[in-house]
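What follows is a short report on a single structure.
Just so you know, these numbers come straight off a predicted model, no measurement behind them.
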There are 2 protein chains.
Amino acid sequence: MTIGKVAKKSGVGVETVRFYERKDLVAQPPKPPFGGFRIYPEETVERIRFIRQAQKLGFSLLEIKELLSLRLDPASNCADIRDRAQVKLNEITRKIVGMKRIQTALEKLITACPGQGAIQVCSIIDAIEAPEKTKEGEKS
Amino acid sequence: MTIGKVAKKSGVGVETVRFYERKDLVAQPPKPPFGGFRIYPEETVERIRFIRQAQKLGFSLLEIKELLSLRLDPASNCADIRDRAQVKLNEITRKIVGMKRIQTALEKLITACPGQGAIQVCSIIDAIEAPEKTKEGEKS
DNA sequence: CTTGACTCTGTACAATAGTACGGAGTTTAT
DNA sequence: ATAAACTCCGTACTATTGTACAGAGTCAAG
């Protein structure tokens, strides 16, 4: 596959593929020694698709690079990989908790909506500032 | 409160507060008519804290602005707010699903780790590329 | 074997999200 | 009442994540 095919199959522009190469997010295949174009494996398409999906979930390219470096293969130190995976898992779990708070706040807002007058219910801000709401008097 | 206090309480720099003002993410209080510094309400601190938390969850400032505009108060059209909240809710629910896929992939990688030889189990990529794995036959 | 499409390299431009700084005005602590 | 600390305003610089383009080389179809 040439770079144009990779770009088309993964839904990005050629320039974006090259950009990811410069950033070492995908490997650049060697140039054929007697002229011609670089040949890309199918794997590159999968990596780029992963990158784009992960970006939509809010990961930066640096974070994605870290995620992509977590592979159990014969060449990697198992304990090291596992520790780094655990760190990433903790981060992601925290993110999911935060997202769920916003999700809950939106659900509350939607259900509160049709039956109210002037109550000023449920600014989204409460979704995240959740602690500190009951400083004294009522316990959680 | 002057801007420096706001910055300190919300954990950002003064320049960042001004930046958010320029972007209309927080309101800029009026300048006292006969000289002096602007006075900020506590609410500004809460908004900035929300902004920073939401950013950590992967929302852009534009998305955060949209979230912050979803408030049930007497001045807003209830049906409009509800519809926009529903759109945001769908987006966030989809994000949570995607994050959970990565979470599961990391968990699998971590548990697979201690007892393997050369299996090349569980690249994170599988977390997202889940569909499309078996289109025809078993040759891959 | 020419033409058009594609690749390669390098550089430049763009949007988002800040961060830094200069110079003037204001407040406050000593 | 003066110096330190802070505010205000504008501009400019940074990093991330791309996009665009110029000019030369390469490939493949008619």
Exercise. Is there a side-chain contact between I64(B) and Q55(B), using heavy atoms and a 4.5 Å cut-off?
Worked result: yes

Problem set entry | Flag, side chain of T16(A) to backbone of V12(A), donor-acceptor distance under 3.5 Å | no

Exercise. Should K88(A) and E91(A) count as an ion pair when the cut-off is N to O under 4.0 Å?
Worked result: yes

Exercise. Is it true that a side-chain atom of E46(A) and a backbone atom of E43(A) form a donor plus acceptor pair closer than 3.5 Å?
Worked result: no

Problem set entry | Lys/Arg cation over aromatic F59(A): K95(A), 6.0 Å, 45° cone | yes

Exercise. Nucleotide by nucleotide, 5' to 3', does protein get under 4.0 Å of the base (B), only the sugar-phosphate (S), or neither (-) in nucleotides 7-17 of chain D, counting heavy atoms?
Worked result: SBS-------B

Problem set entry | Atom pair distance, as rounded to whole Å: CD1 in I64(B) and P in dA17(C) | 8 Å

For this session: Quickly work out the D24(B) CG to dG18(C) P distance and round it to whole Å.
Result: 15 Å

Exercise. Rounded to whole angstrom units, what separation is found between the NZ atom of K56(B) and the P atom of dA17(C)?
Worked result: 17 Å

Seminar exercise, completed: 5'-most contact on DNA chain D (nearest-nucleotide basis), G35(A) vs V12(A), goes to V12(A)

For this session: Could you tell me whether E66(B) and R84(B) make a salt bridge, using a distance below 4.0 angstrom between a side-chain N and a carboxylate O?
Result: no

